[in-house]
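Read through the structure below, which is laid out as structure tokens, and then see the notes.
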Amino acid sequence: DTLRIPVRMFVSPPIGAFINVRPDSVDFGNVELGRTDSSKTVLVRNLGSTTLTVTNITFSNPAFSANRTSFSLASLDTTRIRLRFASAAPGGVRNATATFVSNAANSATVRLRAVAQGAARFTVTPDTFFFARSTPDTVRTNFRIRNTGTDTLRYAIDEGLSASLESIIRSTTQQQNANVGKG
């Protein structure tokens, strides 16, 4: 037989302030040049027995920042800090470390990564054409393609008819009726 004895364990928080930041790495992914991504957060916890006072959050790369850089947390309290990445030219990978400066007995850092990336954005003027078949059956017009984005625009113009337009033309073309006898 097995004897079961209930055991109660009490875990006391460490004496003093003790900072815990999760996750310990954040990847912003691709961010278009000229834009700011502030969608990432970290959770800061005070696992210690006294008030945690964060006096600053420093960033090794100025492209990264936080919505606030100083705050206090009571014992076993938590808060979310919103991180930001401002994408600027030239494009490429950006890495940084966010360091939490505090009265905690330990230190906390977060590794940060983002890719500053250009994006092509185009406009076509005019965006619609209407043609009526006349004699001669060739119609010419002009249009302008403009790139308003931050990267090179590559494009191709297909002069063929779209599948839906071909089916409309085929359905409106008269077809000869073939009368075939039985059998």
Side-chain angles (χ1 to χ4, degrees), residues 13-14 16-48 50-129 141-165:
F18 192 90
I19 189 169
N20 178 271
V21 181
R22 291 290 173 250
D24 61 359
S25 67
V26 174
D27 190 343
F28 284 85
N30 298 335
V31 180
E32 185 180 341
L33 292 173
R35 304 233 181 215
T36 298
D37 182 342
S38 58
S39 65
K40 307 297 183 192
T41 63
V42 292
L43 185 65
V44 181
R45 294 180 180 126
N46 177 11
L47 301 178
T50 61
T51 300
L52 169 71
T53 303
V54 174
T55 56
N56 199 5
I57 303 173
T58 61
F59 295 87
S60 63
N61 183 329
F64 296 91
S65 61
N67 64 327
R68 58 189 168 132
T69 57
S70 62
F71 53 91
S72 293
L73 292 175
S75 175
L76 304 178
D77 203 1
T78 63
T79 191
R80 284 208 179 273
I81 300 296
R82 184 166 302 281
L83 301 173
R84 290 188 295 255
F85 171 69
S87 181
V93 176
R94 305 286 192 276
N95 292 301
T97 301
T99 303
F100 290 74
V101 179
S102 72
N103 66 331
N106 64 321
S107 61
T109 59
V110 176
R111 292 181 316 278
L112 304 171
R113 181 184 183 281
V115 178
Q117 179 175 318
R121 222 182 255 113
F122 70 95
T123 59
V124 178
T125 309
D127 63 354
T128 306
F129 300 102
T141 191
N142 294 316
F143 60 94
R144 174 177 290 200
I145 300 173
R146 257 183 93 215
N147 180 10
T148 58
T150 56
D151 200 2
T152 303
L153 173 65
R154 293 172 181 84
Y155 64 92
I157 297 176
D158 184 3
E159 296 181 43
L161 296 175
S162 68
S164 60
L165 187 54

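Along the sequence shown, residues carry numbers from 1. Heavy-atom basis, side chains included; hydrogens, waters and symmetry copies ignored.
Between the CZ atom in F64 and the CZ atom in R94 there is a gap of 8.5 Å [rounded to 0.5 Å]. One distance of note links CG of L47 with OG1 of T78; it measures 10.0 Å at 0.5 Å rounding. We find the OG-CZ distance between S75 and F18 to be 12.5 Å, quoted to the nearest 0.5 Å. A distance of 10.5 Å separates CG of D77 from OG of S72, quoted to the nearest 0.5 Å. Atom CZ of R144 sits about 7.5 Å away from atom OG1 of T125, to the nearest 0.5 Å.
For the pair F85/L83, no side-chain contact is recorded, criterion being any heavy-atom separation below 4.5 Å from C-beta on. Using a 4.5 Å heavy-atom cutoff, the side chains of L52 and N103 are in contact. V42 places a side-chain heavy atom less than 4.5 Å from the side chain of F100. Using a 4.5 Å cut-off on side-chain heavy atoms (C-beta onward), V110 and D24 make no contact. Annotation: side chain of N95 is not in contact with side chain of R111 (no heavy-atom distance under 4.5 Å).
For the residue pair T58 / N56, no side-chain donor-acceptor distance below 3.5 Å is found, with atom types taken as modelled. Using a 3.5 Å distance cut-off with no hydrogens or angles, the side chains of S65 and R84 do pair a donor with an acceptor.
In terms of heavy-atom proximity, A17 sits nearest to N106 at O-OD1, 4.5 Å.
Judged by distance alone, with hydrogens and angles left aside, the side-chain atoms of N46 form a donor-acceptor pair with the main-chain N or O of A74 at under 3.5 Å. Under the 3.5 Å distance criterion, the side-chain polar atoms of N61 are left unmatched by any main-chain donor or acceptor of T97. Counting only distance, with no hydrogens or angles, the side chain of N20 and the backbone of R45 share no donor-acceptor pair below 3.5 Å. Between the T41 side chain and the R80 main chain, no donor and acceptor come within less than 3.5 Å of each other.
Counting heavy-atom neighbours within 6.0 Å of R68 CZ, excluding the residue itself, gives a total above 12.
Considering I19, V101, T79 as possible partners of V54, the one that fulfils the side chain to side chain contact (heavy atoms under 4.5 Å, CB included) test is I19. Of the candidates I81, T55, T53, F71 forms a side chain to side chain contact (heavy atoms under 4.5 Å, CB included) with just one, namely I81.
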